[in-house]
Amino acid sequence: MRTNSNLSRLIHEIFNAFPLKWPVSLMLVVSCSAINVIPSIFIQKVIALIENAGPDSSWQEISVQAAGLLIILAGLYIIALSGTLINGYINAEVTQGFLKYLRVKMFDRMQNLPLKFFDSQSHGDIMSRYTNDVDALRQMVSQGIPQMLTSFITLIVILAIMLYFSLWLTLVTLIGVYAMFKITKRVGGRSARNFKAQQKNTGELEGFAEEMMNGQKVIKVFCREDNSIQDFERLNNKLFLESEKANKRANTLGPILNNVGNILYVVTALAGGLLILTGAENFSLSHLPMSISVVIPFLNMTKQFAMNINQLSMQLNSIISGLAGAGRIFALIDSEPESDNGEIIINHESALGSIEFHNVDFSYDNESKILHDINLTAKPGQKTALVGSTGAGKTTIANLIPRFYDVQAGKIFYDGVNIQDLRKSSLRKNLGLVLQDTNLFSDSVLENIRYGKLDASDSECIEAAKLVGADEFITRLPEGYNTFLTGAGENLSQGQRQLIAISRAAIANPVVMILDEATSSIDTRTEAQVQRGMDALMKGRTVFVIAHRLSTVRNSDLILVIEHGEIIERGTHSELMQLQGRYYKLYTGAFELS
Ligand SMILES: Nc1ncnc2c1ncn2[C@@H]1O[C@H](COP(=O)(O)OP(=O)(O)OP(=O)(O)O)[C@@H](O)[C@H]1O
Ligand SMILES: [Mg+2]
């Protein structure tokens with residue numbers, strides 16, 4: 001059922017992408033394969049010419065007639081060859097174009113998926129859809145489908161010509177075909193399951209390899225190389241076993257069918273011989289009597305017939321893995337995109353930047369509640385600090401403001417408008433975010449800063465870096481602002497990466513800023529410097545800071561202490577110190593919260 005729907009969806013998609021070229025390509029396939037079979041009729045005619053020649057026939061006449069037939073034959077071959085060549089070109093264009101079309105569709109959809117999707121899927125498995133599954137589909141579209149069609153058409157044409165020659169011999173062939181069909185169904189059906197599993201296991205393996213690449217340092221420091229090799233071997237073995245089974249079955253199918261084909265050949269020859277000897281009546285469309293000139297081309301066709309059934313069965317594998325790949329690709333394309341029903345657009349110039357939470361409850365998985373009844377008001381220009389132990393829910397609160405996730409209960413307002421009613425892109429353009437894990441791209445430092453505002457000039461980028469105190473270290477880099485960051489900033493220190501991320505947020509000039517642990521990896525001296533830059537940056541903006549170091553949150557207008565997803569204390573530094581509660585304990589006990 002799934003396979004069928006994948007097939008019809010696939011055909012529909014190719015038609016969508018190439019409404020003209022694909023049908024032309026298929027027409028060429030059909031006509032060329034039909035033309036390729038016709039010579040059998042001519043072979044019969046040439047043999048009959050010689051067979052019927054009597055002692056008084058003129059050899060010149062026979063030669064002329066034979067030559068005429070051969071010229072027509074050559075003409076047909078040339079037409080078929082040209083058609084095949086032209087189709088080779090069109091087929092490459094259709095196949096590669098279609099894969100490009102699918103990749104774009106996948107990537108477009110991926111860019112619009114909610115974060116929830118990435119939380120629940122291994123990244124390597126998503127990757128493998130772009131590589132492995134697309135490749136399986138390439139095999140299927142470029143070879144599987146055309147060859148299947150060729151074989152299918154050839155079989156029909158051969159069958160028609162067989163009926164033209166002899167009904168009895170056709171029946172013999174059909175019995176053989178029935179046997180072949182049964183065998184294919186039995187062996188092919190089993191390997192189909194293995195091929196599907198093979199595709200899925202490849203995705204898992206790629207996911208694992210990717211995770212291990214990212215975790216190299218952790219693996220090394222915990223000396224877990226052997227464990228990860230063992231885990232890899234386990235996954236690799238699973239993949240191997242499924243692929244082995246799939247291919248073993250697929251590989252036995254060909255030889256079995258070949259042998260059935262050979263037996264069929266012998267049986268047909270015997271049957272033909274018997275029919276000639278007994279002089280039985282030959283029922284056929286051509287009304288030709290049974291003779292050598294009928295049996296020889298017929299045997300030729302029996303061979304072609306068996307060969308085509310064999311090819312058909314071989315293409316079955318590419319079709320099965322292609323369809324499995326198509327299923328996984330369509331699953332990505334069909335994933336529910338991030339909904340955006342909001343219509344209201346924030347005016348960047350006149351936005352004030354007030355943020356309010358009213359009775360907000362939140363859970364990542366709709367089961368365990370992470371935030372309980374959060375109420376807060378951040379007035380324009382105010383600095384709000386979120387403190388609390390690790391896992392308390394600080395980052396989660398920050399995630400809700402840009403609507404990375406939607407709340408289960410309660411409301412969040414931006415300038416008095418429920419953020420559900422705001423266009424997401426507009427909301428996000430008016431928020432600056434510096435995340436706990438900075439994400440830099442493989443590009444120059446300058447371009448990484450410009451990412452915050454694509455039309456910013458070079459000098460604007462440098463200004464922003466100066467403002468947050470990043471300029472000093474950037475100018476000391478080998479190529480300054482043009483230094484290329486490899487592997488998402490692997491050639492920088494964590495603190496340096498954060499400074500670039502802060503510059504990036506600064507250049508976007510949003511009225512609301514969210515800084516999640518933004519200064520945690522910066523040394524004390526740099527921190528003071530960054531703090532000055534940040535203070536300048538924060539002026540006139542609504543700011544949320546999440547920091548483990550209480551020194552960075554002390555001067556906040558409002559400090560919220562979060563524990564287990566609840567706000568347990570709120571007030572200014574001095575108010576909270578007076579309260580002598582949790583904040584006081586944290587501040588006087590250990591300077592660091594965690
Ligand atoms: N993407 C996610 N999917 C499911 N649960 C999550 C996800 N992110 C965080 N959580 C859970 O939500 C809770 C709060 O996490 P959160 O990241 O908000 O803590 P935090 O206060 O920022 O901690 P830290 O100070 O360590 O950064 C944790 O129990 C965590 O397990
Ligand atoms: Mg956090």
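Source: prediction; values computed, not measured. We count ligands from 1, going down the list as the structure has it; atoms in each ligand are counted the same way.
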(message) Ser120: which residues meet the side-chain hydrogen bond (donor to acceptor under 3.5 Å, both in side chains) condition with it, sequence neighbours left out?
(response)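 Not a single residue meets the side-chain hydrogen bond (donor to acceptor under 3.5 Å, both in side chains) criterion with Ser120.
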(request) Would you please name every residue forming a side-chain hydrogen bond (donor to acceptor under 3.5 Å, both in side chains) with Ser191, sequence neighbours left out? (result)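 Here no residue qualifies.
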Just go through [options] and tell me whose heavy atom is the nearest to [atom].
| atom | options | answer |
| --- | --- | --- |
| atom 5 (N) of ligand 1 | Phe362, Tyr364, Tyr405 | Tyr364 |
| atom 12 (O) of ligand 1 | Leu400, Leu115, Ile370, Ile397 | Ile370 |
| atom 18 (O) of ligand 1 | Thr396, Asp365, Asp516 | Thr396 |

(message) Taking 4.0 Å as the limit for heavy-atom contacts, which would you say applies to Phe404 with ligand 1: side chain only, backbone only, both, or neither?
(response)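 No part of Phe404 is near ligand 1 at this cut-off.
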(message) With a heavy-atom distance limit of 4.0 Å, tell me whether Asp119 approaches ligand 1 through its side chain, its backbone, both, or neither.
(response)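 Only the side chain of Asp119 comes within reach of ligand 1.
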(message) Could you check whether Asp125 pairs with Lys200 (Lys NZ or Arg NE/NH1/NH2 to Asp/Glu carboxylate O, under 4.0 Å)?
(response)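 Looking at Asp125 and Lys200, the cut-off is not met.
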(message) Counting backbone and side-chain atoms alike, is an N, O or S atom of Thr395 positioned under 2.8 Å from the Mg ion (ligand 2)?
(response)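 An N, O or S atom of Thr395 is closer than 2.8 Å to the Mg ion (ligand 2), so yes.
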(message) Under a plain distance cut-off of 3.5 Å, with no hydrogens placed, do Asn448 and Asp443 share a side-chain donor-acceptor pair?
(response)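 No, Asn448 and Asp443 have no side-chain donor paired with an acceptor closer than 3.5 Å.
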(message) I want to check something: taking the side chain as every heavy atom from C-beta on, are Leu102 and Leu137 in contact at a cut-off of under 4.5 Å?
(response)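 Sidechains of Leu137 and Leu102: in contact.
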(request) Could you say whether the N/O atoms of Gly388 and ligand 1 ever approach to under 3.5 Å? (result)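 It does not: no N or O of Gly388 is found under 3.5 Å from an N or O of ligand 1.
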(request) Please round to the nearest 0.5 Å and tell me the distance separating atom OH of Tyr405 and atom CZ of Phe362. (result)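 It comes to 7.0 Å.
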